[in-house]
A.B. asks: 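Before we start, here is the structure in question, set down as C-alpha cells.
It should be emphasised that the depicted structure is a prediction, and the values quoted were computed from it without experimental measurement. Computed over heavy atoms, backbone and side chain alike; hydrogens, waters and symmetry mates excluded.
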Number of protein chains: 2
Amino acid sequence: MTTASDTPTRSRRNRRAEILEAAARLFAARGFHGVSIEDIGGAVGVSGPALYRHFDGKDALLSEMLLDISSRLRESAVTVATAAAGPEETLDALLDVQIAFATEHPALITVHDRELGNVPEPARRQIRRLQRLYVEEWVTVLAELHPACPAARLRAATHAVFGLLNSTPHSAGELAAQDMRPMLHAMARAAIAAAIG
Amino acid sequence: MTTASDTPTRSRRNRRAEILEAAARLFAARGFHGVSIEDIGGAVGVSGPALYRHFDGKDALLSEMLLDISSRLRESAVTVATAAAGPEETLDALLDVQIAFATEHPALITVHDRELGNVPEPARRQIRRLQRLYVEEWVTVLAELHPACPAARLRAATHAVFGLLNSTPHSAGELAAQDMRPMLHAMARAAIAAAIG
DNA sequence: ACCAAATGTTAGTCACCATTAACGTCATCG
DNA sequence: CGATGACGTTAATGGTGACTAACATTTGGT
C-alpha cells in the first residue's frame, strides 16, 4: 500500500533484503504470530506465496533474521575488542556499537529479544550461542575493570545495561537521536560503575 | 497436565485468578497469538471453552490482565508519592516499587510491555492513560530534583530506567533476588544521576 | 530468436483456533 | 425435595493462515 512499487528495476535487485526489512518492522509491531505471510508480501508489493521463492517459510525467515542480527552484533563486538587500547576504551566502544545498532535498527532490536522463542530448533541453538558469546565479550571487559566482582553479577549487570540501551524503541520520538545517544552512553557508564564499583 | 487438580475445593475459589496467572506465564513465553484458549485451559486443568464461563474472550482476558497491571503500578506510585518526605525519598520508593514488581512478577512485566498492541480499543486507551500517568509520576519527581532539565529528556531517561529495571526476566537465574534488587536500585540511581545531573 | 532459471500469480488444501451450541453435574437456598 | 445458577464437557461452525500446485512472464546467456 505504501512503498514497494517504486522502480521496477530495484525489484530484481535485493528482494530478500527488502522482505527481511519489512518483516522485521511488522514483527516488531505486531509479533511473529500476529503477522501473516500475506502481510509481509503486501508490504513489499508482491502478494502472499511469492515469499516462498526467497525463503523456505515463515520460520526460516525469522531464523535468518535473528541469525543475521546476532552475527552482526557479535562480529562488531569482536572487532572492537581486538582493536582496543584498554578495557575502558573497549567498554566505550562496545557501548557505542550497541547504542548505534539500537537507535538505527529499533525494529531489529525489538525482534531480537522477543522472538527467539519462535525460532525452530536447528537455528535457535546457534542464535543462543552467538548471543552468549556477545554477552561474554562484555563480561570479559567488565571483569578486567573489576576482577573481584563475581561473574554472575557482571552478567546480570550486563543484561540490565542491555535493557537500558534497548529501551530506545519504547521512547521513540521523545528525544532526537543526537541527544539520545550520549545520554544513553552516560547512563550506561554510570550504571555499570554503580553495579561493579 | 501438570498442576491444577490439587484440591477440588480450591477450584471453586479463585479460578479467575488462576487463569489470569497461567495466561500471563504463557503469553510471556510465547506471545499472545502463540497461545491458544485450549493451552490456557489446559494449564489450569480445565479444557478449552471453559474459560468463557469466566471471561468474555481471549481479548477480554488480555485487557483485564494489562488493566490490572497498569492500575496496580500507578496506584503504588501515587501512594508512594503522596506519602513521601522529599523527592529523594520518593524516587527511592518508586524504584523499590518497580523493582519489587519486576522481580516478583516477571511474566506480568513482560506481557505489560509487549502486548498492548493486541488489546482492543476500549481498554487500550485506558491502559495507555494509566501508563502515561505512571510515567508522569516519575517525571514529576525527577523534575523536582532537577528543574532545569527539559521534560523530554526526563521522559526518555525514565523509559531507559524502566528498560534497565525490567531486564530481570532476561537475566533470570543469574543472580539471587536478594542480590539483584539492591544492584538494580544502585544502577538505576546512578543512571538517573548521569542523565539529568 | 530460444531456453532455462528466476520470480510472480491465483486457486486450492489442510490445520488450527476462537467462539458458540447443546448438553450434564452439583451445590445452595427456598 | 426441586429449581436455579455456577461451572464443565464435547461437538459444531466459521474464519484465517501457512503452505502447495499449476500456470505465466520476464530475463539473461548462447
A.B. asks: Does atom CG of D56(A) have more than 12 heavy-atom neighbours, drawn from other residues, nucleotides or ligands, at distances under 6.0 Å?
C.D. replies: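 Check fails, neighbour count at 12 or below.
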A.B. asks: Quick test of your reading of the model: are R72(B) and E75(B) salt-bridged, counting only N-O distances below 4.0 Å?
C.D. replies: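 Here R72(B) does not pair with E75(B) in a salt bridge, since their nearest N and O are not under 4.0 Å apart.
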A.B. asks: Is the shortest side-chain N to carboxylate O distance from E88(A) to R189(A) below 4.0 Å?
C.D. replies: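 The answer is yes: the pair qualifies as a salt bridge.
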A.B. asks: Just the rounded figure in Å: distance from P of dC7(D) to CZ of R16(B).
C.D. replies: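 About 10 Å, once rounded to whole Å.
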A.B. asks: Can you identify which nucleotide, out of dT9(C), dT19(C), dT20(D), has its nearest atom closest to the Y52(A) side chain?
C.D. replies: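 Side chain of Y52(A) sits closest to dT20(D).
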A.B. asks: Among dT10(D), dG8(D), dT20(D), which nucleotide sits nearest the side chain of P49(B)?
C.D. replies: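 The nucleotide sitting nearest to the side chain is dT10(D).
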A.B. asks: Nearest-Å distance, NZ (K58(A)) to P (dC16(C))?
C.D. replies: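 Those two atoms, NZ and P, are 15 Å apart.
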A.B. asks: Whole Å only: how far is the CG atom of L51(A) from the P atom of dG8(C)?
C.D. replies: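 Taking atom P of dG8(C) as the reference, CG of L51(A) is at 9 Å.
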A.B. asks: Would you mind reading off the distance between N118(B) atom CG and dA18(C) atom P, rounded to a whole angstrom?
C.D. replies: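 Rounded to the whole Å, the gap is 12 Å.
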A.B. asks: Tell me whether the side-chain N/O atoms of H33(A) come closer than 4.0 Å to OP1 or OP2 in dC16(C).
C.D. replies: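 No, because none of the side-chain N or O atoms of H33(A) sits under 4.0 Å from OP1 or OP2 of dC16(C).
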A.B. asks: Just how far, in rounded Å, is C1' of dA18(C) from CZ of F32(B)?
C.D. replies: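 Rounded to the whole Å, the gap is 10 Å.
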A.B. asks: Starting at atom CG of L61(A), determine the distance to atom P of dG17(D), rounded to an integer number of angstrom.
C.D. replies: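 Going from L61(A) (CG) to dG17(D) (P), I get 17 Å.
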A.B. asks: Mind calculating the distance between CD (E18(B)) and C1' (dC7(D)) to the nearest angstrom?
C.D. replies: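 Atom CD in E18(B) sits about 13 Å away from atom C1' in dC7(D).
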A.B. asks: When all nucleic acid strands are considered with a 4.0 Å heavy-atom cut-off, which category describes G57(A): base, sugar-phosphate, or nothing?
C.D. replies: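 If one applies the 4.0 Å heavy-atom cut-off, G57(A) turns out to touch the sugar-phosphate alone, with no base involved.
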A.B. asks: Of the listed nucleotides (dG8(D), dT9(C), dG8(C)), which one gets closest to any side-chain atom of V46(B)?
C.D. replies: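 Nucleotide nearest to V46(B)'s side chain: dG8(D).
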A.B. asks: How close or far is atom C1' of dC16(C) from atom CG of D39(B), stated in whole angstroms?
C.D. replies: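 D39(B) atom CG is separated from dC16(C) atom C1' by 11 Å.
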A.B. asks: Considering only dA18(C), dT20(D), dT9(D), which nucleotide approaches the side chain of A50(B) most closely?
C.D. replies: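 Between dA18(C), dT20(D), dT9(D), the one nearest the side chain of A50(B) would be dT9(D).
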A.B. asks: Salt bridge between R125(A) and E121(A), side-chain N to carboxylate O under 4.0 Å?
C.D. replies: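 Yes, charged N to carboxylate O under 4.0 Å.
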A.B. asks: Nearest to the R53(A) side chain among dG8(D), dT9(C), dT9(D), which nucleotide is it?
C.D. replies: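 Looking only at heavy atoms from C-beta outward on R53(A), the closest nucleotide is dT9(C).
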A.B. asks: By the definition side chain to side chain contact (heavy atoms under 4.5 Å, CB included), identify the one residue from R74(B), E136(B), H112(B) that meets it with Q131(B).
C.D. replies: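 Option passing the side chain to side chain contact (heavy atoms under 4.5 Å, CB included) with Q131(B): H112(B).
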